[in-house]
Amino acid sequence: MGSATLWLAVLAGSAGCYAIKLAGLSVPDRILEHPRVRRVAAMLPVALLAALVAVQTFASGRELVLDARLAGVVVAMVAVRLRAPFLVVVLAATVTTAVLRL
Amino acid sequence: MRARSEVRLAMPSIDVSAPARRAIVRDAIGIGVATGAFGLSYGAIAVASGLSVIQTVALSLLMFTGASQFALAGVVGAGGGAFASAATAVLLGTRNALYGLQLSALLRARGPRRLLAAHLVIDESAAMAVAQHDPPRARVGFWATGVSVFVLWNLGSLIGAVGAGLLEDPNRFGLDVAGPAAFVALLAPRLRDRPTWIVAVLAAIAAIASVPFVPAGMPVLVAAGIAAVATFTRPATDPPAPEPPVADPPAHEPEAG
């Protein structure tokens with residue numbers, strides 16, 4: 001993406017995120033209290049985060065590849081399981097991948 | 001009733017004793033420091049993904065919701081376009097609307113104050129507010145945490161972005177795996193029951209399966225769309241009340257800002 005397109009993403013994404021925050025403080029409770037709407041809103045982050053993990057671990061452009069990233073992500077999962085702090089999780093993953101690329 | 005809430009708004013801490021307020025502010029600063037460290041990794045990842053230092057910092061100032069910022073950078077890094085990256089960020093931000101719903105009764109913010117409060121609605125400020133015993137303390141918790149996280153998250157982002165900008169090839173140092181590692185850490189506290197696990201696994205499979213067939217960035221949206229439809233059409237059982245994932249302010253893990 002060129003710089004102008006990136007700025008478009010930054011500004012449009014920021015405007016959208018702000019609109020959602022403001023909507024939560026402003027819209028009548030009954031819309032967001034609908035059980036199905038609540039369920040979708042609770043599940044969306046889970047689906048998005050899981051999809052992001054999968055794509056960023058296996059995708060390279062439009063191809064699926066197995067490389068040093070997978071080892072890093074597995075180490076991150078183990079670190080999370082061991083209740084490591086956030087920065088430790090990220091560092092353990094990056095160090096693992098970097099070492100495998102030496 | 002309206003008049004009474006207006007008076008409280010003018011002095012958000014009117015009913016909170018000085019020691020109680022100090023304790024809340026101390027917790028808020030602690031959360032801000034943890035989030036600032038988290039901001040370091042965001043700044044580094046965003047620059048490694050191809051955002052400029054200024055764009056990275058602008059996102060922290062303007063978007064100010066960590067998971068969405070990580071997601072936007074991740075989609076950009078994967079070669080996704082403006083629509084896919086912005087849409088992924090906005091969809092991840094939808095949980096902030098539910099926090100706002102819980103907060104609006106506590107904050108009772110109107111006019112310009114509401115516009116400002118909206119920007120500070122994030123995991124941490126919502127968690128701190130709903131963890132307090134009464135609305136006046138909730139307001140102190142919300143504003144103190146929101147401001148503390150805003151300042152330190154932006155500072156951390158700036159330092160991380162400038163630092164990564166100094167590296168010639170960040171991916172040599174494995175920074176391309178920092179994104180998915182961060183998402184693993186953000187996802188884990190949400191995987192509390194079986195239906196959630198099923199959604200996560202199905203979304204991951206749907207995303208991977210669609211990688212060869214749709215443009216970069218879109219597999220994540222495809223997965224989210226499938227998950228949303230599946231969740232929406234499932235017969236209503238027990239609607240999980242979405243709660244901010246930071247439960248205990250003093251002993252919490254940093255979450256998405």
Side-chain angles (χ1 to χ4, degrees), chain A residues 1 3 5-14 16-18 20-26 29 32 35-36 38-59 61-64 69 72-73 76-77 80 85-87 89-90 93-98 101, chain B residues 37-38 41 55 58-59 62-63 65 68 71-72 74 82 85-86 89-98 100-101 104 114 118 121 173-175 177-188 190 196 199-200 203-204 207-208 211-212 219-220 223-224 227-228 231-232 236 239-240 242 254:
Chain A
M1 265 200 279
S3 178
T5 324
L6 275 174
W7 273 115
L8 179 67
V10 167
L11 296 177
S14 297
C17 284
Y18 180 74
I20 280 176
K21 291 174 174 178
L22 187 60
L25 286 181
S26 308
D29 293 3
L32 283 172
R36 285 175 192 251
R38 292 187 79 94
R39 216 161 55 207
V40 171
M43 282 300 181
L44 260 183
V46 172
L48 286 161
L49 291 169
L52 281 163
V53 171
V55 167
Q56 294 192 12
T57 304
F58 297 108
R62 284 207 191 177
E63 286 175 20
L64 295 172
R69 288 177 298 175
V73 171
M77 288 173 173
V80 165
F86 182 86
L87 274 185
V89 172
V90 172
T94 52
V95 167
T96 303
T97 301
R101 280 183 185 150
Chain B
F38 181 43
S41 59
Q55 286 163 339
L59 264 187
L62 300 174
M63 186 173 276
T65 175
S68 294
L72 189 144
S85 52
V90 172
L91 283 176
L92 254 178
T94 50
R95 69 192 188 292
N96 288 330
L98 296 174
L101 190 67
S104 62
R114 182 195 282 171
V121 173
F173 301 94
L175 263 184
V177 90
F183 293 129
V184 166
L186 290 174
L187 177 60
R190 297 173 196 277
T196 319
V199 166
I208 291 175
V211 161
V220 173
T231 312
F232 190 82

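Bear in mind that the values here come from a model prediction, so they are computed numbers and not experimental data. Letters go in sequence order (proteins before strands), and every chain restarts at 1.
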Region of [X] in contact with chain B, defined by heavy-atom distances below 4.5 Å:
X: A:Leu52; result: both
X: A:Ser3; result: both
X: A:Arg101; result: side chain

Interatomic spacing from [atom1] in [X] to [atom2] in [Y] - rounded to 0.5 Å:
X: A:Tyr18; Y: B:Leu62; atom1: OH; atom2: CG; value: 11.5 Å
X: B:Arg95; Y: A:Lys21; atom1: CZ; atom2: NZ; value: 9.5 Å
X: A:Leu48; Y: B:Leu92; atom1: CG; atom2: CG; value: 4.5 Å

Exercise for the section: Apply side-chain contact (heavy atoms from CB on, under 4.5 Å) to B:Ala223 and list each qualifying residue two or more places apart in sequence or on a separate chain. Expected result: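 With neighbours one apart ignored, the set is A:Ala51, B:Ala203, B:Ala206, B:Ala207.
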Practice task
Could you list the residues that satisfy side-chain contact (heavy atoms from CB on, under 4.5 Å) with A:Ile20, not counting sequence neighbours?
Solution key: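 A:Ile20: side-chain contact (heavy atoms from CB on, under 4.5 Å) contacts with B:Val90, B:Thr94, B:Ala97.
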[X] and [Y]: which non-hydrogen atoms are nearest, and at how many Å?
X: A:Thr94; Y: B:Gly174; answer: CG2-O, 3.2 Å
X: B:Pro180; Y: A:Thr57; answer: CB-OG1, 4.0 Å
X: A:Arg39; Y: B:Phe232; answer: NH2-O, 3.8 Å
X: A:Val90; Y: B:Ala178; answer: CG1-CB, 3.7 Å
X: A:Leu8; Y: B:Ala82; answer: CD2-CB, 4.1 Å
X: B:Thr65; Y: A:Cys17; answer: CG2-SG, 4.1 Å

Practice task
May I ask you to name which of B:Gly93, B:Pro212, B:Ala58 has the most heavy-atom pairs under 4.5 Å with chain A?
Solution key: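 Of the candidates given, the most pairs with chain A belong to B:Pro212.
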Exercise for the section: Mind ranking B:Ser85, B:Ala182, B:Ala188, B:Ala89 by heavy-atom pairs under 4.5 Å with chain A and telling me who comes out on top? Expected result: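 Going by pairs under 4.5 Å, I would pick B:Ala182.
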Exercise for the section: Examine whether an atom of B:Leu72 lies under 4.5 Å from a heavy atom of chain A, and if so say whether it belongs to the side chain, the backbone or both; otherwise answer neither. Expected result: side chain
Choice from [options] maximising heavy atom contacts with chain B below 4.5 Å:
options: A:Thr96, A:Val55, A:Val95; result: A:Val55
options: A:Gly13, A:Gly72, A:Ala12; result: A:Gly13
options: A:Val73, A:Val10, A:Leu25; result: A:Leu25

Exercise for the section: Taking B:Arg190 for its side chain and A:Val46 for its backbone only, find out whether a donor-acceptor pair lies under 3.5 Å. Expected result: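 Absent.
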Handout entry: Side-chain donor or acceptor of A:Arg69 paired with backbone N/O of B:Val177 under 3.5 Å
Key =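 No: the side chain of A:Arg69 does not pair with the backbone of B:Val177.
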Practice task
Kindly determine whether A:Leu22 and B:Arg114 satisfy side chain to side chain contact (heavy atoms under 4.5 Å, CB included), including the steps that lead there.
Solution key: CA-CA 8 Å; A:Leu22 187 60; B:Arg114 182 195 282 171; 4.2 Å; yes
